[in-house]
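Side chains included, hydrogens not; waters and symmetry mates left out as well; all remaining heavy atoms used. First the proteins, then the strands, lettered A, B, ... as listed; each starts at 1.
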Amino acid sequence: MSKENTQVLKQRREKADLLADLGVKLYNNSFKPDNRVKELLPKGEHLAAETQDETNYTYSIAGRIMSMRKFGKAAFFHLTDNSGRIQVYIKKDLLGDEVFATFKKWDIGDIVGIEGKLFKTKMGELSVLADKLVMISKSLRPLPEKFHGLTDVETRYRQRYVDLIVTPESRQTFVKRVEIIRLIREFLSNRGFMEVETPMMHPVPGGATAKPFETHHNALDMKLYLRIAPELYLKRLLVGGFERVFEINRNFRNEGLSTRHNPEFTMLEFYQAYATYQDLMDLTEEMVSWLCDEVNGTMEIEYQEHTVNLAPPWKRMTMDEALVEVGGLNAEDLTDNKKVMALAKDKGIQLEEQAGPGKAKTELFELLVEEKLIDPTFITAYPTEVSPLARRNEDNPDVTDRFELFVTGRELANAFSELNDPVDQRQRFEKQIAEKGADEEIHSELDEDFVRALEYGMPSAAGEGIGIDRLVMLLTNAPSIRDVILFPHLKAEVKQQSKKKKKTNQPKHV
RNA sequence: GGGUCGUUAACUCAGUCGGUAGAGUAUCUGCCUUUUAAGCAGAGAGUCGUGCGUUCGAGUCGCACACGACCCA
């Protein structure tokens, strides 16, 4: 692209060459900073403006030059490292003519090492008066403009490294993401859960209804699928006697992209033997509200146009109750299967031929209720028809002991008391396969080994999945999933071909 | 898949009625030893996303395509 040969880039390369000719190492790995910027800040806090640090201690720091104000025989620049930002003051009389001459070729964006002493400027800003300068890595590309920063979202996603350099909010989001995941591990391991790693490549994709990515193992000459969910493997571990397990890792779904969907996304799934979905509601409430408080210092947060209160207890209602209370439907109509089907048709919902009232209710719920659930709400009693892996309710076999958690109108978690009857499980799998419908891309094959595992006996248990990306979006007020994934998937970057290149691409035998 | 908006210098953006490209930052040169969106003086930098069309003439109008954002399914 033309962008690769601009004047600015040429000048930077020329300057780098010039520095090299002057004997400056452009990529130097011998400078080891003893200090981080954050440590320096309290050391000079007490200083008055225009005074030197009386200890006269020499600090050494390293980082990237983010701004520069050069004078004839002096200069100020701001240097940032992973911990913070501090001003550096350069004086020719301290450094000598030669060093100062090479410094003149330094640019915003260069990564440098500094040794010097603390002082405060006239304006009272804590700064380092440099007595040693080291080039650590010469930058050959200019950074985005200092005032507006990088606003083009496409560039922010495609070149996340630039975004991270110049957008502190973006850095902060990813720091929070890491912290959230660390806290989840802490929370679960404090409750006796064991973190495990199950296969990401499955011979039979299961645990969810979604289109999988396919791949091929050459040596074994077999088809494999990137997992759409870890569920069936984690349950095998319950069979094996690990009573509390969890996994935080990627799932892959070969479907559309949106502000809420990335083809690979991070899921927390956990399973607890001898627990029910009721227990998991308590646990979820406790965990998510605690996470929010730890990360944001409050349980009441802003998410886009909403204010959300995550302080427990959270609302709990059945799907039928929600359809009546929030969706405005008539309670009596919901007890009549024919009326439910008619209602769905009425609202313009198109159902597949084999779909029953359970599917119709779920669709009505998505249409009429979901987006109205702003504060956290557990919806329980999901129809058995749409819950192939959940345990039936003992009093009403049409519904399952399952909940989904909604916050800001979005699904955040899905959990249920697990089905552990191998006969019922086999029948439900078979029914699911028979009813799979027209969608060829949804893989449907009975996972025989999973049923075999259940036949050995799986303890009663409850399990849950929480979408980590969506949780991070909520807790960092991010409008798009791409804002919480470091390298989100985008279409391939278009390389604009020059006319010359196009010609060489012509077949040679013409 | 459908609709709306966007794509102009490295970055952030102007560009009137169709008449041949502008600003700020960044860069380069000169001056400048407490600046902080430093300042002053000067300079260079653009296949206007791609292609086709209309026109004497297209950044601007039309069509197609690409990429992105948002909304809808």
Looking across every strand, which nucleic acid part, if any, lies under 4.0 Å from [X] by heavy atom: base, sugar-phosphate, or nothing?
{"X": "A:Ser67", "answer": "nothing"}
{"X": "A:Lys10", "answer": "nothing"}
{"X": "A:Leu490", "answer": "sugar-phosphate"}
{"X": "A:Asp152", "answer": "sugar-phosphate"}
{"X": "A:Phe77", "answer": "nothing"}
{"X": "A:Phe119", "answer": "base"}

Taking atom [atom1] in both [N] and [M], compute the distance separating them and give it to the nearest angstrom.
{"N": "B:U60", "M": "B:G53", "atom1": "P", "value": "15 Å"}
{"N": "B:U55", "M": "B:C70", "atom1": "C1'", "value": "35 Å"}
{"N": "B:U50", "M": "B:G59", "atom1": "C1'", "value": "14 Å"}
{"N": "B:G24", "M": "B:A14", "atom1": "C1'", "value": "11 Å"}
{"N": "B:G42", "M": "B:C63", "atom1": "C1'", "value": "46 Å"}
{"N": "B:G15", "M": "B:A9", "atom1": "C1'", "value": "14 Å"}
{"N": "B:U12", "M": "B:A26", "atom1": "P", "value": "15 Å"}
{"N": "B:U16", "M": "B:C32", "atom1": "P", "value": "44 Å"}

Would you say [N] has OP1 or OP2 under 4.0 Å from some side-chain N or O of [X]?
{"X": "A:Lys92", "N": "B:U33", "result": "no"}
{"X": "A:Arg482", "N": "B:A69", "result": "yes"}
{"X": "A:Thr151", "N": "B:U12", "result": "yes"}
{"X": "A:Arg158", "N": "B:G68", "result": "yes"}

Run A:Tyr157 and A:Arg160 through side-chain contact (heavy atoms from CB on, under 4.5 Å) and show every step you take. CA-CA 5 Å; A:Tyr157 298 149; A:Arg160 182 68 84 186; 3.7 Å; yes
Using heavy-atom distances to pick each residue's nearest nucleotide on RNA chain B, tell me which of A:Arg69 and A:Lys104 is more 5'.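 Checking each residue's closest nucleotide, the 5'-ward one belongs to A:Lys104.
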Would you say the side chains of [X] and [Y] form a donor-acceptor pair under 3.5 Å?
{"X": "A:Thr55", "Y": "A:Asp53", "answer": "yes"}
{"X": "A:Gln304", "Y": "A:Asn477", "answer": "yes"}
{"X": "A:Asn28", "Y": "A:Ser30", "answer": "yes"}

With a 6.0 Å cut-off on ring centres, are A:Tyr89 and A:Phe119 close enough?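 Between A:Tyr89 and A:Phe119, the centre distance is under 6.0 Å.
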Decide yes or no for A:Arg177 and A:Met473: does some side-chain heavy atom of the first lie under 4.5 Å from some side-chain heavy atom of the second?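 They are not in contact (no side-chain heavy atoms under 4.5 Å apart), so the answer is no.
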Before giving the answer on side-chain contact (heavy atoms from CB on, under 4.5 Å), spell out for A:Val162 and A:Thr155 the whole-Å C-alpha distance, their side-chain angles and the decisive distance to 0.1 Å. CA-CA 8 Å; A:Val162 178; A:Thr155 311; 5.7 Å; no
Taking only nitrogen or oxygen atoms into account, show me every contact under 3.5 Å that the protein makes with nucleotides 4-7 of chain B, one pair per line with its distance.
none

How would RNA chain B look in dot-bracket form, 5' to 3', counting Watson-Crick and G-U wobble pairs with both distances under 3.5 Å and writing | for bases paired to another strand? (((((((..((((.....[..)))).(((((.......))))).....(((((..]....)))))))))))).
A:Glu145 has a side chain; which of B:U34, B:U25, B:G68 sits nearest to it?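 Shortest atom-to-atom distance from the side chain points to B:U25.
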Can you name the closest pair of heavy atoms from A:Arg85 and A:His78 and give their distance?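 Looking at all heavy atoms of both residues, the closest pair is NH2-NE2, 3.5 Å.
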Taking the six-membered ring of A:Phe103, is the NZ or CZ of A:Lys70 close enough (under 6.0 Å from the centre) and on axis enough (within 45°)?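 Yes, A:Lys70 lies over the aromatic ring of A:Phe103.
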